[in-house]
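Below is one structure, written out as structure tokens; comments come after it.
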Amino acid sequence: MGQPVVLMPKPMHTAVAEGLSGHCELIRLWEESDPDAVLAARRDEIVAVAAGGSRIDDAFLDRLPAVRLVASFGVGYDQIDAAAAAARGVVVTNTPGVLDDEVADTALGLLLMTVRELPQAERYLRAGKWQQDGAYPLTKATMSGRSLGIFGLGRIGQAIADRVTPFGISVAYHNRSQKDVDYPYYPTLLELARDVDTLMVVIPGGDSTRHLVNAEVLKALGPDGILINVARGSVVDEQALVDALHSGTISAAGLDVYEHEPKVHPDLLTLPNAVLLPHVGSATVPTRIAMGNLVVENLLNWFAYGTALTPVPESAGL
């Protein structure tokens, strides 16, 4: 019996191909001159997909009836229709755990940058204004004493909470369900936004969470409020956020993710109260290697034992 055949629709971190070398036949679809012909010819042989940002939906799986595992690179998997996959008996995996600390560190850094206007202060210095106009204006906000509402207290949300408490920041949260933690729980996002001055978004993307942070939530956050998003851009109504920043409905926002990446709303680029990063939450060499290795481990464990190490919730019981 030959090696299992794995499809890689788009380029992924080199750790994936290196880790799979010698264990399977890897089809690098983007390198094929006629990808559709390859899919048609190998449709009954391809048993797994290594997915790095590829859209995997019902129509895609229709073309690959032998696939039983989709191993996704990243903790978020909104580009994959996991429910449709589960209905076909296809397990979807992601890479949780290995990037929690990196994303939490980025979230803390983004919070500091936004509250203390550090990027703006650096631009002020680089433009020669310190010498020309004097000291950068005092910022009205400070870290100490802030109240942080975490929207999504999963692994990353908990890691963020652990990091902010030494700053004297109080933590509350909203989740789909209450957790066994000491932080106050709010049954709705709106109630949480009303009671905090900083909202940290850490929930998965997808249709079920699209635009949950909307104009009403931003209004509840208030004129001293700060929004930080290290989750998915689709969770926030980006136009509503632009309007809120323009009008002073909220004070500032720090974003690592955007609704139409890599495109960024043009108004965000000009707003002085928006701190913007190019989706670098987990973007370090060690973390990306660890993510790639977990993709490989899921695939190899599936080939050896028929089980996945980190299946997503939709795949439970498969």
Side-chain angles (χ1 to χ4, degrees), residues 74-76 99-124 136 139-174 192-193 196-205 209 212-213 217-218 221 224-238 240-242 244-245 250-265 267-284 287-288:
V75 67
L99 47 67
D100 298 351
D101 287 336
E102 214 72 80
V103 176
D105 289 345
T106 302
L108 179 58
L110 190 53
L111 178 60
L112 270 164
M113 292 165 69
T114 306
V115 170
R116 291 299 311 280
E117 300 179 13
L118 299 182
Q120 297 92 321
E122 185 194 25
R123 291 195 295 269
Y124 186 90
Y136 183 79
T139 55
K140 66 177 183 178
T142 184
M143 290 284 281
S144 180
R146 297 196 74 80
S147 54
L148 178 67
I150 298 179
F151 182 21
L153 195 69
R155 292 185 180 93
I156 296 173
Q158 181 62 64
I160 293 169
D162 293 342
R163 283 158 172 75
V164 301
T165 48
F167 284 85
I169 294 174
S170 62
V171 173
Y173 74 102
H174 168 65
L192 177 67
V196 299
D197 57 31
T198 310
L199 184 62
M200 178 76 70
V201 182
V202 208
I203 64 166
T209 61
L212 289 184
V213 178
V217 170
L218 295 170
L221 190 56
D224 294 324
I226 289 176
L227 176 75
I228 306 292
N229 189 5
V230 293
R232 284 290 185 267
S234 60
V235 178
V236 176
D237 183 336
E238 206 160 84
L241 175 59
V242 166
L245 290 168
I250 67 171
S251 175
L255 308 174
D256 186 43
V257 290
Y258 307 89
E259 195 164 356
H260 303 291
E261 294 181 12
K263 288 179 61 178
V264 178
H265 194 298
D267 288 353
L268 284 173
L269 298 173
T270 62
L271 283 165
N273 52 347
V275 176
L276 310 175
L277 299 178
H279 202 155
V280 295
S282 64
T284 68
T287 294
R288 292 298 169 87

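One is the number of the first residue; the rest follow in order along the sequence.
- The salt bridge (Lys or Arg N to Asp or Glu O under 4.0 Å) search around D237 returns none, not counting sequence neighbours.
- A donor-acceptor pair under 3.5 Å links the side-chain atoms of T209 to the main chain of P204, judged by distance alone.
- With sequence neighbours excluded, the residues that form a side chain to side chain donor-acceptor pair (under 3.5 Å) with S282 are R288.
- Residues I226 and L199 have side chains not in contact (no heavy-atom distance under 4.5 Å, counting atoms from C-beta outward).
- A distance of 10.5 Å separates CD1 in I228 from CG in D256, rounded to the nearest 0.5 Å.
- When the salt bridge (Lys or Arg N to Asp or Glu O under 4.0 Å) test is applied to D105, the partners found at least two apart in sequence or on another chain are R163.
- Residues passing the salt bridge (Lys or Arg N to Asp or Glu O under 4.0 Å) test with E122 are R126, sequence neighbours excluded.
- Side-chain contact check for V213 versus F151: some heavy-atom pair is nearer than 4.5 Å.
- Side-chain contact annotation: H279 with E261, donor-acceptor N/O pair under 3.5 Å present.
- Here the straight-line distance linking atom CG of L110 with atom CG of L255 works out to 7.0 Å at 0.5 Å rounding.
- Annotation: the span from L212 atom CG to H174 atom NE2 amounts to 8.0 Å, rounded to 0.5 Å.
- Atoms CG and CG, on L148 and L111 in that order, are 6.5 Å from each other to the nearest 0.5 Å.
- With hydrogens and angles disregarded, no donor-acceptor distance shorter than 3.5 Å links the side chain of D197 to the backbone of D224.
- Distance check, rounded to the nearest 0.5 Å: CG of L112 to CD of E117 gives 13.0 Å.
- Partners of T284 by side chain to side chain donor-acceptor pair (under 3.5 Å), not counting sequence neighbours, listed by chain and number: E102, T287.
- Looking at V171 and I160, their side chains never come closer than 4.5 Å, going by heavy atoms from C-beta outward.
- Formation of a donor-acceptor pair under 3.5 Å by the E238 side chain with backbone atoms of E259 is found in this model.
- Residues passing the salt bridge (Lys or Arg N to Asp or Glu O under 4.0 Å) test with R155: none are found, sequence neighbours excluded.
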